[in-house]
Structure formats: C-alpha cells, structure tokens
Amino acid sequence: MDDLLQRLRRFHDDFFPQHQSRFQTLVTDGQHPTTLFIGCSDSRLVPYLLTGAGPGELFIVRNVGALVPPYMGLHGLHGTAAAIEFAMLNLKVSRIVVCGHSHCGAMKALYEEVPAEARNLQGWLDMAREAALPVQVTPEALRRTEQRAVVLQLERLMDYPMVRARVERREVTLHGWHYVIEDGEVHVFDVRTGQFLPASQASHSGTGPYHEPPADDAVVFNEIDTRWGEH
C-alpha cells in the first residue's frame, strides 16, 4: 500500500469534512495569521502541536537550523527573507517566533566537517557560526549553541527595517524558543535576564510583551550574545 496516498485520503474523507467551514472562510476572507513561525526543518519539531494552532493561525517558514539571513546580506533569491517581508508587509503578523531545538543536527554540524559536495549547506551554516563556542562539542555546549543561535536570529531580525519599525512601535513582539524534544518543554528567551526559561515557569512566551522596553533591543541581544561567549 502507498502510505502517503492513504494519508491523503484520510485527510479528505475524515479530517476535512469536520473543518470544511473553516477552510471555506480562509478562502473567502483570506488568511490572517497572527504569528510568523521560523523553525528548524527537523521532523521532530511540529509547530502546530507545540502551539495548539489550527489552520490559518501560523505563517510557517522552516529551514536548516531555523536561521534568519542577513537583510540584503546574501546574493540571489532567498525564500526565508522573502517570507519575513511578506509576513510583515502583507500579512501584518503581530508576533515572530524563532524556534530552535535540542539535538539539532545543524548546530552539531558547526563543530564537524561538512561534506565537500554540500556547498549550499556549507554557505548556509556560515550564518550560524557566531553561535558556536570555542570548545569541544558536548551535550551542554550543543545546548548552549542552539540557544545562542536563537538569540542571533532575533538580533538579525532587528536588521530588517520593517521588523525594527514595528517592534519599536510595539506592534510586533519577538519570541525566542528552544524546544527540548525529550522533555516536551519549550524554553522561552527573556531579553531582560538573557536566560531561557521553561514555559512551565515563565511569565511570558518570549521577549514580549514589552513593559519598560529598552531603547535598542538589538543592542541588548548583542550584549547578551557577547556575555555568553565569555563563558
């Protein structure tokens, strides 16, 4: 039996009829997601399960390592940068989540030799090398690298003019997450303390909402990333 074909049929016959009106509304009124979710392509990371979201609630971008390219920093076409711009300017989302995770192959690859024929992968991982630590890779070093990479992407998002402007006007909040697969726990980044806190203990879902916001969040991210690099 063709397993994928059977799944497609189950969706059409079992799931879709229960939610047909919702899908029809999304066609008639268009999509209005509130959250841009930038996550790793890892198959163990399932955004809809983590957030309990339904159709039309998340605008999802996934790539190796959940990386954000520099604004105007790469030559040629780039899907992730285009998705960020579309989410900001067209969909007008109010939240951006960057979600890394434990046991990330992309972060581990920063400490290993990438096959010579993987040219695109080599260039892509260069965007995360600032997150790597000058140590031998251990489970603890890998966890710290994964979390540092999330902070780096938040910092890089602030270089997108349409993101920075909306963050400064408090129209958009940034949320850094690190999903620990084996615990089923998402750790959220608190820009005030520079720490990742378990969602079960945190008072918010990331860096927002802002109460007494610093004048320049990008500077805060830089300071935190530099401090981590000293350990």
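Computed from a predicted structure; not experimentally measured. Values below: every heavy atom of this structure, side chains too, minus hydrogens, waters and symmetry copies.
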Locate the shortest heavy-atom distance separating Gly176 from Val150; write the atom from each residue and the value.
CA-CG1, 3.6 Å

More than 12 heavy atoms from other groups under 6.0 Å of [atom1] on [X]:
{"X": "Asn120", "atom1": "CG", "result": "no"}
{"X": "Gln6", "atom1": "CD", "result": "yes"}
{"X": "Arg7", "atom1": "CZ", "result": "no"}

Side-chain donor/acceptor pairs under 3.5 Å, residues 98-107, sequence neighbours excluded:
| from | atom 1 | to | atom 2 | distance (Å) |
| --- | --- | --- | --- | --- |
| Ser102 | OG | Ile181 | N | 3.0 |
| Ser102 | OG | Glu182 | OE1 | 3.2 |
| His103 | NE2 | Glu182 | OE1 | 3.1 |
| His103 | NE2 | Glu182 | OE2 | 3.1 |

I want to check something: taking the side chain as every heavy atom from C-beta on, are Thr28 and Gln24 in contact at a cut-off of under 4.5 Å?
yes

Taking salt bridge (Lys or Arg N to Asp or Glu O under 4.0 Å) as the definition, give me every residue that meets it alongside [X], ordered by chain and number, with sequence neighbours left out.
{"X": "Glu171", "result": "Arg169"}
{"X": "Arg9", "result": "none"}
{"X": "Arg95", "result": "none"}

I'd like to know if [X] pairs up with [Y] as an ion pair, taking the criterion as any Lys NZ or Arg NE/NH1/NH2 lying under 4.0 Å from an Asp or Glu carboxylate oxygen.
{"X": "Arg129", "Y": "Asp126", "result": "yes"}
{"X": "Glu140", "Y": "Arg143", "result": "yes"}
{"X": "Arg44", "Y": "Asp42", "result": "yes"}

I'd like to check the side chain to side chain donor-acceptor pair (under 3.5 Å) partners of Arg119; sequence neighbours left out, ordered by chain and number.
none

Do the two ring centres, one from Phe59 and one from Phe37, sit under 6.0 Å apart?
no

Between Phe15 and His19, is the gap from one ring center to the other below 6.0 Å?
yes

Qualifying residue, where the test is side chain to side chain donor-acceptor pair (under 3.5 Å) with His178 and the options are His187, Glu146, Arg148
Glu146

Running the 4.5 Å side-chain criterion over Ile, Leu, Val, Met, Phe, Trp and Tyr, what cluster does Leu5 land in, apart from itself?
none

Quick check against the 3.5 Å criterion: does Asp190 have a side-chain atom that pairs as donor or acceptor with the backbone of Gly194?
no

